[in-house]
Amino acid sequence: RILAINILGRFLSHRNNNLRYVALNTLNEVIHKNFKAVQRHRNTVIDCLKDGDISIRKRALDLVYGLVNQKNIRLLVPELISYLKFVRDKEFREDLLNKLSSAINKYSPDGQWRIDTMICVLIEAGTYVNENIPAQLIRFVLTDGDIQEYAVTKFYAAFLQQKTQPMLIEISIWIIGEYGEMLLSTDSLSAAAIVDTLETFLQKTLPSDSRLRSVTLTSLIKLSHRLPSQTERIQAIIASYSKNFDVEVQQRAVEFLNLFKFKDVLDQVMEP
């Protein structure tokens with residue numbers, strides 16, 4: 001079997017695409033029978049991700065995903081992320097993103113590496129992000145109390161630097177709203193500065209970005225509960241959107257303003 005796998009590995013460098021496709025397909029079938037033997041051809045398989053033929057790229061991606069484990073994830077995932085910069089095919093890009101996210105969720109060596117790596121993925125992902133990816137990331141941060149302060153610090157920094165990646169921005173705003181008070185433990189960052197950041201973003205956000213404006217307003221009302229010194233200011237910011245032309249934004253602003261009238265209710269609704 002090892003000899004056969006080595007022959008298939010040599011076929012991966014062949015010019016004939018049919019041979020390469022069959023070799024990749026067969027290696028996918030035998031990977032569970034002799035993982036180590038297939039692993040030896042990892043670099044050649046990764047090179048197949050650059051192939052001009054979409055069917056070769058898809059088979060290679062399936063095989064690379066099958067090769068990822070806890071021992072090599074630190075090596076393989078950065079290589080896969082680097083390919084995101086060059087992949088233009090929407091279908092392949094989405095498949096690559098989904099497999100990257102799945103591998104990171106499954107084999108991350110620790111929580112901090114997972115946060116750092118997912119930020120890199122989101123930066124390179126552009127607009128091609130399945131909604132399951134941010135949902136899984138947020139669920140991870142929600143359920144791991146040890147990672148929340150690190151996560152909000154990293155996503156706040158990413159939010160300040162990245163203004164063109166909508167999904168990264170949306171996740172960052174959500175995490176800032178949920179854990180903003182933890183940012184106060186970092187050097188030279190005040191409650192007013194955190195609110196400044198979100199207010200500035202709201203002012204610069206295009207009217208067409210209804211979703212991002214709505215998420216930001218939700219984040220602000222959460223911060224009114226987590227950063228008590230900023231409550232009145234946040235209330236004024238939200239009030240300025242109560243007559244917005246966008247119905248979704250206007251409705252949130254009006255409902256949030258009404259919540260401020262009932263502190264007991266507001267405290268319950270805005271619990272972490």
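No hydrogens, no waters, no symmetry mates; every other heavy atom, side chains included, goes into these values.
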Quick one: does Ser101's side chain have a donor or acceptor within less than 3.5 Å of a partner on Leu97's backbone? no
Is the shortest heavy-atom distance from the side chain of Glu181 to the side chain of Leu227 under 4.5 Å? yes
Exam field: side chain Ser219 to backbone Ile173, donor-acceptor pair closer than 3.5 Å: yes
State whether the number of non-hydrogen atoms from other residues, nucleotides or ligands found under 6.0 Å of Glu29 atom CD is greater than 12. yes
Contact summary for Ala193 and Tyr156, nearest pair of heavy atoms: O-OH, 3.7 Å
Are any of the side-chain heavy atoms of Val195 and Ile237 separated by less than 4.5 Å? yes
For Ala239, does its backbone N or O pair with a side-chain atom of Ser242 as donor and acceptor, under 3.5 Å? yes
If we only count heavy atoms from C-beta on, is the Ile221 to Val269 side-chain gap below 4.5 Å? no
Does the side chain of Phe159 come within less than 4.5 Å of Ile171's, by heavy atoms? no
Centre of Tyr179's six-membered ring, under 6.0 Å away, within 45 degrees of the axis: is that where NZ or CZ of Arg226 sits? no
For Asp51, the option from Arg57, Arg20, Arg59 that meets salt bridge (charged side-chain N to carboxylate O under 4.0 Å, His left out): Arg20
Ignoring hydrogens, what is the shortest heavy-atom contact between Gly180 and Leu223? Give both atom names and the distance. CA-CD2, 3.8 Å
Could you walk me through whether Arg114 and Asp110 satisfy the salt bridge (Lys or Arg N to Asp or Glu O under 4.0 Å) test, starting with their C-alpha distance in whole Å, then the side-chain angles of each, then the deciding distance to 0.1 Å, before giving a yes or no? CA-CA 6 Å; Arg114 182 172 177 177; Asp110 58 67; over 6 Å; no
Correct closest heavy-atom pair for Val64 and Ile46 would be CG2-CG1, 4.2 Å
Side-chain heavy atoms under 4.5 angstrom apart, residues restricted to Ile, Leu, Val, Met, Phe, Trp, Tyr: same cluster for Val254 and Leu220? no
With side-chain hydrogen bond (donor to acceptor under 3.5 Å, both in side chains) as the criterion, how do Asp116 and Tyr150 come out once you've worked through the C-alpha distance, each side chain's angles and the decisive distance to 0.1 Å? CA-CA 10 Å; Asp116 292 341; Tyr150 183 82; 2.8 Å; yes
Do the side chain of Asp209 and the main chain of Thr205 share a donor and acceptor less than 3.5 angstrom apart? no
Under the side chain to side chain contact (heavy atoms under 4.5 Å, CB included) rule, what do Ile194 and Leu184 come out as? Steps first, then yes or no, please. CA-CA 9 Å; Ile194 297 167; Leu184 300 179; 3.9 Å; yes
May I ask you to test the Ile234-Glu199 pair for a side-chain heavy-atom distance under 4.5 Å? no
Given the rule that I, L, V, M, F, W and Y join up when any side-chain heavy atoms are under 4.5 Å apart, are Ile73 and Phe35 in one cluster? yes
Distance (rounded to the nearest 0.5 Å) between Met118 CE and Leu100 CG: 8.0 Å
If we count only N and O atoms by modelled type, under 3.5 Å, do the side chains of Asp95 and Tyr65 hold a donor and an acceptor together? no
Please evaluate residues Leu49 and Ile56 with respect to the criterion side chain to side chain contact (heavy atoms under 4.5 Å, CB included), reporting the C-alpha separation (whole Å), side-chain torsions for both, the decisive distance (0.1 Å), and the verdict. CA-CA 7 Å; Leu49 290 171; Ile56 298 289; over 6 Å; no
Check: Asn72 main-chain N/O paired with Asn69 side-chain donor or acceptor under 3.5 Å: yes
For the residue pair Ser55 and Tyr21, confirm or rule out a side-chain donor-acceptor distance under 3.5 Å. no
Is the closest side-chain heavy-atom distance between Asn6 and His41 below 4.5 Å? yes
Any Val152 side-chain heavy atom under 4.5 Å of Val141 side chain: no
Backbone N/O of Ile81 and side chain of Glu124: donor-acceptor pair under 3.5 Å: no
Please lay out, stage by stage, how Glu91 and Lys58 fare under the test side chain to side chain contact (heavy atoms under 4.5 Å, CB included). CA-CA 10 Å; Glu91 184 181 348; Lys58 284 184 176 181; 2.7 Å; yes
Value rounded to 0.5 Å, distance of CG in Leu12 from CG in Leu19: 10.0 Å
Grouping I, L, V, M, F, W and Y whenever their side-chain heavy atoms are under 4.5 Å apart, do Met182 and Leu160 come out in a common cluster? yes
Report the C-alpha distance between Asn105 and Phe140 in whole Å, list the side-chain angles of each, state the deciding distance to 0.1 Å, and finish with yes or no for side chain to side chain contact (heavy atoms under 4.5 Å, CB included). CA-CA 9 Å; Asn105 294 341; Phe140 166 64; over 6 Å; no
With distance as the sole test, does Gln148 use its side chain to make a donor-acceptor pair with the main-chain N or O of Leu142 at under 3.5 Å? yes
We want to know whether Asn34 and Arg1 form a side-chain donor-acceptor pair, criterion being a heavy-atom distance below 3.5 angstrom. no
So if you build clusters from Ile, Leu, Val, Met, Phe, Trp, Tyr with side-chain heavy-atom gaps below 4.5 Å, do Ile133 and Trp113 land together? yes
For Gln235 and Ser224, does a side-chain donor sit closer than 3.5 Å to a side-chain acceptor? no
I'd like to know if the side chain of Ser108 reaches the main chain of Gly111, judged simply by a donor and an acceptor atom lying under 3.5 Å from each other, with no hydrogens or angles considered. no
Taking the side chain from Ser102 and the backbone from Asn98, do they hold a donor-acceptor pair closer than 3.5 Å? no
If two hydrophobic side chains count as joined below 4.5 Å and joins carry through other members, does Leu27 share a cluster with Leu3? yes
Nearest 0.5 Å please: distance from the CG atom of Asn43 over to the SG atom of Cys48. 11.0 Å
From Phe92 atom CZ to Leu96 atom CG, the distance as rounded to the nearest 0.5 Å: 5.5 Å
Would you indicate whether the side-chain heavy atoms of Ile2 and Arg40 approach each other to under 4.5 Å? yes
Working for salt bridge (Lys or Arg N to Asp or Glu O under 4.0 Å), residues Arg213 and Glu248: CA-CA 9 Å; Arg213 284 186 160 198; Glu248 172 69 19; over 6 Å; no
Would you give the length of the straight line joining atom CE of Met167 to atom CG of Leu212, rounded to the nearest 0.5 angstrom? 9.0 Å
Under 3.5 Å, is there a donor-acceptor pair between the side chain of Asn28 and the main chain of Leu24? yes
Quick one: CZ on Arg211 to CD1 on Ile169, what's the gap to the nearest 0.5 Å? 13.0 Å
So does Lys99 have more than 12 non-hydrogen atoms from other groups sitting under 6.0 Å from NZ? yes
